[in-house]
Amino acid sequence: MIKWGYPRKISASDIDWYDYDEWTVILRVFTEENWIEGKEIFAKEVYEGIKRDVIIPISEGRACFYSNEDDSYIRGVKAKEIDKAQVSENGAFVEIEGTVYVVTYQFNDTFTEVTEIQLRPYDGYKGDAGFLNPDDYQYFSINEWLSE
């Protein structure tokens, strides 16, 4: 069995083990006997990636609202909105006060760290996440994400 992933899904402590650029793909091979362990490892990597790339930037106030129409900055997310935010289990959506937003990213120059979360209204969004249904996912508060 083979599972692949990108280096950004590896925890920060593991990054020194790899010589890579942002296009490197990591290939993992599992025997049938340890496939369940491999699925657990992958699930933990995804969870840690969402926490690092979505939850922590939002909790630190590095999230802003953007327009779908002209890709323009609208405003930053207020602390009271962060406290009420619910993030989907896949990290693709944030629900704030009844409105669902798609999570998009602004990375640093080396693509190793998210510098800003850009929240765009799901209604009218034309990117890849527009093909997902935000109602298909369970949502958790920022505090629930950070408590584990």
Side-chain angles (χ1 to χ4, degrees), residues 2-28 30 37-148:
I2 298 173
K3 182 71 81 173
W4 63 276
Y6 291 96
R8 281 184 257 157
K9 300 216 185 270
I10 297 172
S11 69
S13 62
D14 294 336
I15 294 219
D16 292 340
W17 291 86
Y18 301 96
D19 181 23
Y20 69 91
D21 61 23
E22 65 268 19
W23 302 109
T24 301
V25 173
I26 296 168
L27 184 64
R28 295 179 181 93
F30 298 97
E37 180 183 344
K39 288 184 353 184
E40 290 171 0
I41 290 168
F42 186 68
K44 184 171 173 66
E45 286 179 358
V46 169
Y47 171 81
E48 291 298 325
I50 292 169
K51 197 169 172 180
R52 180 191 65 235
D53 294 340
V54 179
I55 304 304
I56 291 173
I58 290 174
S59 70
E60 293 175 347
R62 293 185 284 140
C64 299
F65 293 106
Y66 276 75
S67 167
N68 287 332
E69 287 77 38
D70 59 6
D71 200 35
S72 64
Y73 171 88
I74 297 172
R75 66 174 174 83
V77 177
K78 298 173 184 164
K80 67 178 182 172
E81 292 170 321
I82 293 170
D83 292 340
K84 294 179 183 179
Q86 299 279 316
V87 180
S88 66
E89 63 188 302
N90 65 347
F93 304 105
V94 174
E95 187 272 326
I96 300 174
E97 297 178 350
T99 302
V100 174
Y101 298 91
V102 176
V103 174
T104 61
Y105 307 93
Q106 180 67 44
F107 287 96
N108 64 4
D109 293 338
T110 59
F111 291 95
T112 56
E113 183 181 348
V114 173
T115 57
E116 180 184 77
I117 295 293
Q118 299 174 344
L119 300 177
R120 299 166 186 275
Y122 177 74
D123 292 334
Y125 182 73
K126 295 176 177 53
D128 291 345
F131 296 105
L132 301 174
N133 182 353
D135 296 330
D136 290 344
Y137 301 95
Q138 191 171 2
Y139 288 74
F140 302 94
S141 72
I142 299 293
N143 287 336
E144 288 173 315
W145 277 96
L146 293 175
S147 67
E148 295 197 25

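- Residues meeting the side chain to side chain contact (heavy atoms under 4.5 Å, CB included) test with Asn90, sequence neighbours left out: Ser88, Ala92, Phe93, Leu132, Tyr137.
- Judged as a salt bridge (Lys or Arg N to Asp or Glu O under 4.0 Å), the pairs with a partner in residues 76-85 (not counting sequence neighbours) are, in order, Arg75-Glu81, Lys84-Glu97.
- Taken from CD1 in Ile50 to CD1 in Ile56, the straight-line distance is 12.0 Å, to the nearest 0.5 Å.
- Residues that satisfy the side chain to side chain contact (heavy atoms under 4.5 Å, CB included) test with Glu116, not counting sequence neighbours, are Cys64, Tyr66, Gln106, Gln118.
- Side-chain contact check for Val103 versus Leu119: some heavy-atom pair is nearer than 4.5 Å.
- Asp135 meets the salt bridge (charged side-chain N to carboxylate O under 4.0 Å, His left out) test with no other residue; sequence neighbours excluded.
- Judged by distance alone, with hydrogens and angles left aside, the side-chain atoms of Gln86 form no donor-acceptor pair with the main-chain N or O of Glu95 at under 3.5 Å.
- Annotation: side-chain hydrogen bond (donor to acceptor under 3.5 Å, both in side chains) contacts of Glu69 (sequence neighbours excluded): Ser67.
- The distance from the OH atom of Tyr47 to the CD1 atom of Ile55 is 8.5 Å, given to the nearest 0.5 Å.
- Identified under the salt bridge (Lys or Arg N to Asp or Glu O under 4.0 Å) test for residues 101-110, with sequence neighbours left out: none.
- In summary, the side chains of Ser141 and Asn143 do not present any donor paired with an acceptor at a separation below 3.5 Å, with no hydrogens or angles considered.
- Going from atom CD1 of Ile117 over to atom CD of Glu60 covers 10.5 Å, rounded to the nearest 0.5 Å.
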